[in-house]
Amino acid sequence: MRSPNHMTMRWNRKDLLGLRELSAEEIGFVLETTDAFKQVGTREIKKVPALRGRTLVNFFVEPSTRTRTSFELAAFRLSADVINISASTSSLTKGETLKDTARNLEALHADILVLRHSSAGAPQFLAQRLKSSVINAGDGAHEHPTQGLLDIYTIREKRGKIAGLNVAIVGDILFSRVARSNIFGLTKLGANVTLVGPSTLVPREFEKLGVKVSYKIDDVLPQADVVNLLRIQHERQRKEYFPGIGEYTTLFGLTKERAKLLKPECLVMHPGPINRGVEIDSEVADGLQSVILDQVTNGLAVRMAVLYLCGGIST
């Protein structure tokens with residue numbers, strides 16, 4: 001593996017809270033670092049000593065399997081010690097505040113805190129109060145920066161660039177932290193982003209972020225270089241926001257018939273977990289244009305890069 005030691009001299013953040021506050025150069029720098037760490041996954045021994053002696057705490061106040069497992073494996077591959085804590089097994093259930101819980105973890109010399117929380121702003125709240133590095137693993141409907149980074153990395157890997165590409169993000173934009181991180185990252189790197197979905201879930205207010213809004217997916221798909229289909233966030237919605245499942249699939253689902261509108265080289269993405277037959281047909285999800293499993297693989301390398309940069313050797 002090409003050593004990224006020289007690159008950390010250009011990274012001055014202890015935390016990764018969102019892509020909104022990162023510059024295009026910083027995002028590009030994370031992608032370059034990811035290139036180095038992705039090589040580790042091709043080795044027979046998939047481990048490097050970059051975070052040996054460091055302790056990472058996966059603190060998931062909101063349930064997760066995919067993201068938590070990805071961070072855990074990333075930390076193991078960097079030789080860090082890992083502690084997993086969920087809300088149901090923490091003292092939060094006894095009335096302890098989030099700040100007190102985190103400070104107790106820091107008193108145990110935790111170096112990196114990976115936090116998923118249902119409240120937007122929780123990672124920022126802790127980052128301002130802790131010496132430990134704080135990595136946002138998703139906060140409410142705010143941001144999910146490592147998912148945004150791995151999506152961007154996958155597009156860059158497959159298409160060789162980001163600037164000038166037409167990216168359609170389809171589905172529940174209003175409640176999606178993934179959508180926000182993708183919007184901030186992609187627009188800073190020069191992509192043309194169009195949001196597609198029901199008007200209740202894709203308000204025109206998003207146009208202020210430098211994107212287009214469309215309510216007709218069939219008009220958008222033929223020009224798209226990338227289609228990123230979002231899971232419907234049932235857990236964050238009230239019923240009045242959302243039409244019936246059948247109606248949604250008819251109007252906005254990437255069915256087999258609708259997929260014929262795509263250019264042959266168009267990438268089909270999904271952050272997972274997939275609602276097969278709702279936002280995407282199973283054959284399309286498993287088809288040649290799908291890079292969904294590549295996103296999972298790249299997510300591991302991206303999280304290795306982020307953990308290294310934020311919690312590794314400081315300048």
Euclidean distance, F76 CZ relative to L51 CG, rounded to 0.5 Å:
12.5 Å
Enumerate the residue pairs fulfilling salt bridge (charged side-chain N to carboxylate O under 4.0 Å, His left out) with a member in residues 143-155, sequence neighbours excluded, ordered by first and then second residue.
none
Contacts of type side chain to side chain contact (heavy atoms under 4.5 Å, CB included), residue D218, not counting sequence neighbours:
R258, L261
Donor-acceptor contact below 3.5 Å, side chain S79 vs main chain V48
yes
Side-chain donor/acceptor of S181 to backbone N/O of G148, under 3.5 Å
no
To the nearest 0.5 angstrom, please state how far the CZ atom of F252 sits from the CD1 atom of I232.
9.5 Å
From N298, T297, T34, residue fulfilling side-chain hydrogen bond (donor to acceptor under 3.5 Å, both in side chains) relative to E157:
N298
Interatomic distance, CZ@R180 vs CZ@F175, rounded to 0.5 Å, equals 9.0 Å
Student check: side-chain heavy atoms of L195 and I183 closer than 4.5 Å:
yes
Qualifying residues under side-chain hydrogen bond (donor to acceptor under 3.5 Å, both in side chains), relative to N192, sequence neighbours excluded
N166
Step by step, would you call Q289 with L267 a side-chain contact (heavy atoms from CB on, under 4.5 Å)?
CA-CA 5 Å; Q289 290 176 281; L267 305 179; over 6 Å; no
Do the side chain of D139 and the main chain of G121 share a donor and acceptor less than 3.5 angstrom apart?
yes
Side-chain heavy atoms of V178 within contact of L230, under 4.5 Å:
yes
Output a table of donor-acceptor pairs, distance under 3.5 Å, between side-chain atoms of residues 209-216 and any protein atom two or more places apart or on a different chain; print 'none' if there are none.
| residue | atom | partner | partner atom | Å |
| --- | --- | --- | --- | --- |
| S214 | OG | K216 | N | 3.2 |
| S214 | OG | K216 | O | 3.4 |
| Y215 | OH | V202 | O | 2.8 |

Name all residues meeting the salt bridge (charged side-chain N to carboxylate O under 4.0 Å, His left out) criterion together with D281; count only those two or more places apart in sequence or in a different chain, and write none if there are none.
none
What residues form a side-chain hydrogen bond (donor to acceptor under 3.5 Å, both in side chains) with D15, not counting sequence neighbours?
none
So F37 and L300, do their side chains get closer than 4.5 Å, heavy atoms only?
no
To the nearest 0.5 Å, how far apart are CG in L126 and CZ in R103?
9.5 Å
E257: partners by salt bridge (charged side-chain N to carboxylate O under 4.0 Å, His left out), with sequence neighbours left out
K260
Hydrophobic clusters here meaning ILVMFWY residues chained together by side-chain heavy-atom distances under 4.5 Å, can you tell me if I83 and V61 are in one?
yes
Report, as yes or no, whether the 6.0 Å neighbourhood of atom NZ on K46 holds more than 12 heavy atoms from other residues, nucleotides or ligands.
yes
Salt bridge (charged side-chain N to carboxylate O under 4.0 Å, His left out): pairs with one or both residues in residues 18-29, sequence neighbours excluded
R13-E26
Cation-pi check, R68 to F71: give yes when NZ or CZ is under 6.0 Å from the six-membered ring centre and within 45° of the ring axis, no otherwise.
no
I'd like to know whether R156 forms a salt bridge (charged side-chain N to carboxylate O under 4.0 Å, His left out) with D35, so could you lay out the CA-CA distance, the side-chain angles of the two residues, the decisive distance to 0.1 Å, and finally the verdict.
CA-CA 11 Å; R156 172 180 169 270; D35 286 334; 3.0 Å; yes
More than 12 foreign heavy atoms under 6.0 Å from CG of L108: is that the case here?
yes
Starting from the C-alpha separation in whole Å, work towards a yes-or-no answer on salt bridge (charged side-chain N to carboxylate O under 4.0 Å, His left out) for D225 and K263.
CA-CA 7 Å; D225 298 301; K263 295 186 286 189; 2.7 Å; yes
Listed partners of Q223 passing side-chain hydrogen bond (donor to acceptor under 3.5 Å, both in side chains), at least two apart:
none
In Å and rounded to the nearest 0.5 Å, what is the OG1 to CD1 distance from T194 to I169?
9.0 Å
Going through the checks in order, is the side-chain contact (heavy atoms from CB on, under 4.5 Å) test met by R54 and L307?
CA-CA 10 Å; R54 306 265 174 160; L307 292 176; over 6 Å; no
Are side-chain heavy atoms of R66 and P273 found at a separation under 4.5 Å?
yes
Going by distance alone, is a donor N or O of one side chain under 3.5 Å from an acceptor N or O of the other, for S132 and E106?
yes
Applied to residues 183-206, the salt bridge (charged side-chain N to carboxylate O under 4.0 Å, His left out) test, sequence neighbours excluded, yields R204-E207, E205-K208
Let me see the working for N182 and H144 under side-chain contact (heavy atoms from CB on, under 4.5 Å), right down to the final yes or no.
CA-CA 9 Å; N182 268 274; H144 192 349; over 6 Å; no
Does T55 reach the side chain of H109, with side-chain heavy atoms less than 4.5 Å apart?
no
Any pair with a residue in residues 284-304 that passes salt bridge (charged side-chain N to carboxylate O under 4.0 Å, His left out), sequence neighbours left out, goes on the list, sorted by first then second residue, please.
K158-D294, R276-D286
Look up atom NE2 in H117 and atom CZ in F59, then write down how far apart they are to the nearest 0.5 Å.
7.0 Å
What do the steps show when you test F125 against S119 for side-chain contact (heavy atoms from CB on, under 4.5 Å), and what is the final call?
CA-CA 10 Å; F125 175 84; S119 296; over 6 Å; no
side-chain hydrogen bond (donor to acceptor under 3.5 Å, both in side chains) involving K131 - partner list, sequence neighbours excluded
none
